[in-house]
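Keep in mind it's a predicted model, so treat the numbers as computed, not measured. Protein chains get the first letters and strands the later ones, always in sequence-line order, with residue 1 at the start of each.
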Amino acid sequence: MKNMRKGIRLTSEFFNRDVLKVAPGLIGKVLVLKNGEGLNYFSITETEAYRGESDKACHASRGRTPRNNIMYGKAGKVYVYFIYGMYWMLNFVTAEENNPQAVLIRGIEGYCGPGKLTKALNIDGSFYGEDLSTSDRIWIEDQGNKPVVKRGKRVGIGYAGKIWIDKQWRYFSELK
DNA sequence: AGCAAGATCGGT
DNA sequence: CCGATCTTGCTG
């Protein structure tokens, strides 16, 4: 959704924290994407936390691989991956180096579902490794919104085992 | 080299 | 519930 308000870009400081802080903190923040000459603004409505090698639902649960390599690096980088032969998933790296955590962006205003929003916004593998604090085509702004954040279980991780399935690491606002 | 599974989605 | 569609990572 278009948004003309002035926002403050989030830097690596925001992302260099535990994902259980960053994931709820992103609800109500604004995803900004370059679109030709202009910019598009989308309020983030739903996120999920993936928290290190011990988290059996996290891509890092089986150690470092070419795909998840970026998760082991600096916070505030974009982690995108291709799934089910047709969808790109948009994630941001959180926490300090060698602590492989990421936030999955599951919903933005106007688009519910992680595969649908990347398709709508033309986000693909070319965004892998993009730095949210310096990129000129993708970043996050704080525009002062303070939504009520609700939480629930993560979606689509039935393979992870009960204790990880039961974690309430999905965060969302009523705005959907 | 082969293969099973997948942080999804839309149609039955 | 099921198929689409193809990358990834594990096995051998």
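- Salt bridge A/E48/A/R106: present, at least one basic N to carboxylate O contact under 4.0 Å.
- When rounded to the nearest whole Å, the span between CD1 of A/I105 and C1' of B/dT8 equals 16 Å.
- Note on A/R67: a side-chain N or O is less than 4.0 Å away from OP1 or OP2 of C/dG9.
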Legend entry - Residues A/F14, A/D142; criterion side-chain contact (heavy atoms from CB on, under 4.5 Å); working and verdict: CA-CA 11 Å; A/F14 177 88; A/D142 185 349; over 6 Å; no
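- Note: OH (A/Y171) to P (B/dA7) measures 19 Å, nearest angstrom.
- Between A/R106 and B/dT8 there is a side-chain N or O to OP1 or OP2 distance below 4.0 Å.
- When A/E97, A/E53, A/R64, A/Q101 are each tested for a side chain to side chain donor-acceptor pair (under 3.5 Å) with A/Y72, only one passes: A/E53.
- Rounded to the nearest Å, the gap between the P atom of C/dG3 and that of B/dA4 is 15 Å.
- Distance, A/Y128 OH to C/dT7 C1': 14 Å, rounded to whole Å.
- In this structure, the side chain of A/N91 engages the main chain of A/Y79 through a donor-acceptor pair within 3.5 Å.
- Here A/Y50 counts as stacked on B/dA7: its ring centre is under 5.5 angstrom from the base ring centre and the planes meet at under 30°.
- Side-chain N or O atoms of A/R154 include one that pairs as donor or acceptor with a backbone N or O of A/A49 at under 3.5 Å.
- Rounded to whole Å, the C1' atom of C/dC2 lies 16 Å from the corresponding atom of B/dA5.
- A/Y84 contributes no side-chain N or O that forms a donor-acceptor pair with the base of B/dA5 under 3.5 Å.
- Listed nucleotides C/dA4, C/dC10, B/dT8 differ in distance to A/M86; the shortest reach to its side chain belongs to C/dA4.
- Rounded to an integer number of Å, the gap from A/M71 CE to C/dT8 C1' is 15 Å.
- An OP1 or OP2 oxygen of B/dA7 is reached within less than 4.0 angstrom by no side-chain nitrogen or oxygen of A/Y79.
- Counting to the nearest Å, the C1' atom of B/dA5 and the OH atom of A/Y81 are 13 Å from each other.
- Closest approach to the A/Y159 side chain among C/dT5, B/dA7, B/dG10 is made by B/dA7 (side chain taken as heavy atoms from C-beta onward).
- Minimum atom distance to the side chain of A/M89 is reached by B/dT8, of the listed B/dC9, B/dT8, C/dG9.
- Distances shorter than 4.0 Å separate none of the side-chain N or O atoms of A/K119 from OP1 or OP2 on B/dT8.
- When the C1' atom of C/dA4 is taken as reference, atom CD1 of A/I83 falls 14 Å away, rounded to whole Å.
- When the nucleotides C/dC6, C/dC10, B/dG6 are ranked by their closest atom to the side chain of A/F82, C/dC6 comes out on top.
- Between A/R62 atom CZ and C/dT8 atom C1' the separation is 9 Å, expressed in whole Å.
- In this entry the distance linking NZ of A/K116 with P of B/dG10 reads 4 Å, nearest Å.
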